[in-house]
Colleague: 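One structure follows; several queries about it will come next.
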Amino acid sequence: MKLPIVAYGDPVLRKKATAIQPDEYPHVKELIGNMFETMYAAHGVGLAAPQVGLSMRLFVVDATSFEETEAELKGFKKVFINAEILEEVGEEWPFNEGCLSIPDIREDVYRKKTVKISYYDENWKHFEETFTGMAARVIQHEYDHIEGKLFVDKLSPLRKRLIQKKLNDISKGIVDVEYKMKFPAVKRGR
Ligand code: NI
């Protein structure tokens, strides 16, 4: 089942998400399936639970469509539950990022090259793994979501000012988007 994606301006995107316990969410696999379906329909490579209105430390990624050109994305389809970044190292490098909650805006964001992360997969198997390059980038972006952060937070004050009207418009639903979204500032009945 496809879920509506929460748009910029919704307070759920600003909350630090809480860890989940295996017995607390017996239907977590169903939710994960729905998140993948939602992400694919919107042509995204990552989706975090707050983006579907749930303040849980859960995100999914699938960047295997780029595995031909980016070696580190080979087989990069994963579920991250209760993720904690343990270490971020290396040179910061820029990449033009976008976000399904912030449609029609793409900006260069600087992030460190390598990330070491602790997480559980959909079967509650624990991992401590190191990712680099584009794989690290996708994880860092989604991890920010479960920390209540968005890529636009990382822009210079000038860039931020230049996109502020567009951001306000998104929260009001004034944006062309081909997937289903939930806009925080849209009055009921409009
Ligand atoms: Ni995002």
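FYI, side chains are in, hydrogens and waters are out, and symmetry mates aren't considered; it's all heavy atoms of this structure. Counting starts at 1 for both ligands and their atoms, in listed order. Numbers for residues simply follow the sequence, beginning at 1.
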Colleague: Yes or no on salt bridge (Lys or Arg N to Asp or Glu O under 4.0 Å) for Glu147 and Lys16, after CA distance, side-chain angles and deciding distance?
Modeller: CA-CA 4 Å; Glu147 291 287 303; Lys16 187 178 158 90; 3.1 Å; yes
Colleague: Taking Glu72 for its side chain and Phe131 for its backbone only, find out whether a donor-acceptor pair lies under 3.5 Å.
Modeller: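 Between the backbone of Phe131 and the side chain of Glu72 there is no qualifying donor-acceptor contact (under 3.5 Å).
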Colleague: Return the set of residues passing salt bridge (Lys or Arg N to Asp or Glu O under 4.0 Å) with Asp62 (not counting sequence neighbours), or none when no residue passes.
Modeller: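 Listed in chain order: nothing, the list is empty.
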Colleague: With a 4.0 Å cut-off on N to O distance, would you call Glu97 and Lys154 a salt bridge?
Modeller: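 Lys154 and Glu97: not salt-bridged.
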Colleague: At a cut-off of 2.8 Å, what protein N/O/S atoms sit near the Ni ion (ligand 1)?
Modeller: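 As for protein N, O or S atoms lying under 2.8 Å from the Ni ion (ligand 1), they are Cys99 SG, His141 NE2, His145 NE2.
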Colleague: Who passes ring-ring contact (aromatic ring centres under 6.0 Å, His included) against Tyr40, sequence neighbours left out?
Modeller: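 ring-ring contact (aromatic ring centres under 6.0 Å, His included) check on Tyr40 returns Phe36.
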Colleague: Excluding sequence neighbours, so at least two apart, what forms side-chain contact (heavy atoms from CB on, under 4.5 Å) with Leu86?
Modeller: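 Leu86 satisfies side-chain contact (heavy atoms from CB on, under 4.5 Å) with Lys116, Ser118, Glu128 only.
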